[in-house]
Structure formats: C-alpha cells, structure tokens
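Encoded as structure tokens, the structure appears first; notes follow it.
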Amino acid sequence: MAKFARVIDIDEENQVLLMYSYNTNEDKHETHIITDMDNMQLKITLTFNTEENALNVVNTFSHEQAVKFNQDALKFTTQD
C-alpha cells in the first residue's frame with residue numbers, strides 16, 4: 001500500500017503534514033496540507049477524482065513548496 005501521509009520538516013520548530021483520505025460521502029479523494037503555528041492550524045484540502053492524483057500531491061510536494069506554504073500561513077498570524 002502507498003504511504004497515506006508525509007511530514008516535511010521546515011526547520012527545528014515547523015513542519016508541514018501532507019495526508020491522503022477518501023471522503024466516502026462525496027466519493028472524492030482528498031489531500032490535506034496542514035501546518036501548526038502559534039495558536040492556529042492552517043489546513044487546505046484539495047479534492048481529486050482519483051486516488052492516484054491525490055497521492056501524487058502527497059508524494060511530490062517539495063520542501064520548497066512546504067516552506068512557501070508555511071511562510072504564507074505566517075502572514076495570517078501577523079496581520080493586524
């Protein structure tokens with residue numbers, strides 16, 4: 001079976017979690033991209049028609065993309 005989750009370390013304190021799930025109610029395959037920071041969790045869910053496409057994101061999401069995702073999430077914590 002293919003891996004359904006992957007953690008990318010950004011630095012000593014931050015990580016991005018990529019996780020595959022199947023939504024039985026909507027018959028959709030989902031990839032969740034999650035990071036925790038300060039007092040919040042940012043989660044984006046991407047929906048696909050096939051398991052292969054959803055798992056492709058989990059397996060190919062790069063360290064650079066994870067850093068960018070984390071940096072963009074930080075913008076939410078520093079807004080006035």
Side-chain angles (χ1 to χ4, degrees):
M1 178 179 171
K3 290 185 178 182
F4 68 92
R6 186 169 148 230
V7 175
I8 299 174
D9 291 316
I10 302 300
D11 54 37
E12 291 182 16
E13 297 179 8
N14 297 294
Q15 299 174 320
V16 172
L17 170 65
L18 297 128
M19 187 173 61
Y20 165 80
S21 68
Y22 178 70
N23 183 329
T24 55
N25 294 331
E26 296 183 21
D27 190 28
K28 297 288 182 180
H29 302 269
E30 299 175 339
T31 298
H32 308 281
I33 306 170
I34 307 163
T35 191
D36 282 324
M37 51 187 42
D38 295 334
N39 294 320
M40 71 164 218
Q41 181 183 80
L42 179 65
K43 177 180 179 181
I44 294 176
T45 300
L46 306 173
T47 304
F48 299 91
N49 290 326
T50 67
E51 177 181 3
E52 179 182 0
N53 289 341
L55 285 171
N56 186 51
V57 174
V58 171
N59 294 323
T60 63
F61 201 83
S62 70
H63 182 266
E64 291 78 19
Q65 289 170 307
V67 169
K68 174 89 168 95
F69 179 77
N70 208 51
Q71 288 171 342
D72 289 345
L74 274 173
K75 293 176 186 175
F76 290 104
T77 65
T78 57
Q79 290 182 354
D80 294 321

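In what follows, every heavy atom counts, from backbone to side chain, and hydrogens, waters and symmetry copies are set aside. None of these values were measured; they are calculated from a predicted model.
- In terms of heavy-atom proximity, R6 sits nearest to V58 at NH1-O, 2.6 Å.
- In this structure, N49 and K28 approach most closely via the heavy-atom pair OD1-NZ, 2.9 Å.
- Of all the heavy atoms in H29 and Y20, the pair that sits closest is ND1-OH, 2.6 Å.
- Residues T31 and A54 come closest through the heavy atom pair OG1-O, 2.7 Å.
- Note that CG of L46 and NE2 of H32 are 9.0 Å apart. Values are rounded to the nearest 0.5 Å.
- In this structure, OG1 on T60 lies 7.0 Å from CD on Q65, to the nearest 0.5 angstrom.
- In this structure, OG1 on T35 lies 8.0 Å from CE on M40, to the nearest 0.5 angstrom.
- Taking each heavy atom of D11 and N14 in turn, the nearest pair found is OD1-N, 2.8 Å.
- Looking only at side-chain heavy atoms (C-beta outward), F48 and N56 stay at 4.5 Å or farther from each other.
- Listed here is the closest heavy atom pair of A5 and L17: CB-CD1, 4.4 Å.
- Between Q15 and I8 the shortest side-chain heavy-atom distance does not fall below 4.5 Å.
- Proximity of F69 to L42: side-chain heavy atoms (C-beta onward) are separated by under 4.5 Å at one or more points.
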